[in-house]
Amino acid sequence: MTGYLLRRALGALVVLLALSVLVYALFYLAPGDPARLACGPRCNPEQIAQVRDQLGLNDPVHVQYAHFLQSLVAGHDYSTGTGVQHCAAPCLGRSYQNDLPVTDLIVQRLPATVSLALGAMVLWLLLGVGAGLLSSLRRGGITERLVTWLVLAGTATPVFITGLMLLMVFCAQLEWLPFPSYVPLTEDPEQWAWNLLLPWLALALLESAKYARLTRSSVLEALAEDHIRTFRAYGVSERSLVLRHALRAALPPVIALTAVDLGTMLGGAMLTETLFGLPGIGQLIVQATRTVDLPVVVGVVLVTGAAVVLANILADVLHAVTDRRAALR
């Protein structure tokens, strides 16, 4: 297991390095002038040249990339209108719009995104795995067909349609829930949960569809194995076969998919956060894209990529824990 973990960690470092090269080339070497974006539309050529020198854009490309990596690991000194400021590591630059460190902006938005992702994950696992198990227990009947139709409907309905319907029904018409307004967990746990309930449902209804399909197919595949047929021949009930034996075989792919989806959600559920007005990372990158705030976009992309890479490592580790054969491959 130790060797397996070391191999996965080394592979993650290589992927993260490749991601940094790709992001740097895409945003800083593509056509366009970062100095003009940083300076603003009213700057004259002399001011743009001064900003270019402050940002180190006159250095060779490999030197610029080395400074970029250094800023991620050990921080970086930035020349601003108020003098030289130091950004502590990890440093993702300073926003062109408000001159604040990108790291601080992401940290401020992270609690809302983490709250949204974790709550939605709990709901989509309960709904998806439960529906998949029910479908496998009632295969061939009306229950299985009903679950299949609901799964198809959940997959085909975009999250903004589901979110709008939830807002219209539960907030506007029935008035059972308040219109979502993020309240930190540390301030009021009850209001935190009530205000996030609709965003959780909107994401969970979309994501649970694929978990229901995956659970159903994994359980049915496990039920077709030889040892399950032997248990059935000895009179073991179908419910016991599904819950005690087939479900255990279906857990590894569900765990792996959960870890990857959670990493993606931590990168920001842009549509959900924008629709419900949640101050998360997804809304941050939407605002940064509208204002062409290049350091913020680069910072969020790097954080999103790192979250997905780490989630894949977590998925592999959990898969190896639940299935020891995976660590031997």
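Side-chain atoms are counted along with the backbone in the values below, which use heavy atoms only and exclude waters and symmetry mates. Just so it is clear, the structure is predicted and the values come from calculations on it, not from any experiment.
- Contact check for R7 versus L10: no side-chain heavy atoms found under the 4.5 Å cut-off.
- Between the side chain of S135 and the backbone N or O of A131, no donor-acceptor pair lies under 3.5 Å.
- For the atom pair CG (L206) and CD1 (I161), the distance works out to 12.0 Å, reported to the nearest 0.5 Å.
- Across V297 and A288, no two heavy atoms sit closer than the pair CG2-CB, 3.8 Å.
- Side-chain atoms of S217 come within 3.5 Å of backbone atoms of L214 as a donor-acceptor pair (strictly under, hydrogens ignored).
- In this structure, the side chain of S208 does not engage the main chain of L127 through any donor-acceptor pair within 3.5 Å.
- Rounding to the nearest 0.5 Å gives a distance of 9.5 Å between CG of L196 and CG of L185.
- In this structure, W200 contributes its side chain and S115 its backbone to a donor-acceptor pair below 3.5 Å.
- Sparse packing is recorded around CH2 of W194, with 12 or fewer heavy atoms of other residues, nucleotides or ligands lying under 6.0 Å away.
- Note that CG of L205 is 6.0 Å distant from OG1 of T162, once rounded to the nearest 0.5 Å.
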- Please report the C-alpha distance between V300 and T304 in whole Å, then the side-chain angles of each, then the deciding distance to 0.1 Å, and finally whether the side-chain contact (heavy atoms from CB on, under 4.5 Å) criterion is met. CA-CA 6 Å; V300 174; T304 302; 3.9 Å; yes
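- The number of heavy-atom neighbours closer than 6.0 Å to CD of E221, taken from other residues, nucleotides and ligands shown, is 12 or below.
- Scanning both residues, A117 and L262, for their nearest heavy atoms gives CB-CD1, 3.8 Å.
- Considering every non-hydrogen atom in both V159 and A202, the closest pair reads CG2-O, 3.7 Å.
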- Does the side-chain contact (heavy atoms from CB on, under 4.5 Å) test come out yes or no for M121 and D261, once each step is laid out? CA-CA 8 Å; M121 181 194 70; D261 283 342; over 6 Å; no
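- Listed here is the closest heavy atom pair of L133 and T215: N-CG2, 4.0 Å.
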- Item | Criterion side-chain contact (heavy atoms from CB on, under 4.5 Å) on C171 and L198, from CA distance to verdict | CA-CA 9 Å; C171 296; L198 290 185; 3.3 Å; yes
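- Under the side-chain hydrogen bond (donor to acceptor under 3.5 Å, both in side chains) criterion, Y182 pairs with no residue at all, not counting sequence neighbours.
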- Task: Please lay out, stage by stage, how R216 and R213 fare under the test side-chain contact (heavy atoms from CB on, under 4.5 Å).
- Result: CA-CA 5 Å; R216 178 182 178 275; R213 285 204 311 271; 5.9 Å; no
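- Closest heavy-atom contact between E273 and G282: OE1-N, 2.6 Å.
- What you find for L203 and M265 is that their closest heavy atoms are CD2-CE, 3.7 Å.
- Screening residues 116-166 for ring-ring contact (aromatic ring centres under 6.0 Å, His included), with sequence neighbours left out, gives W124-Y211.
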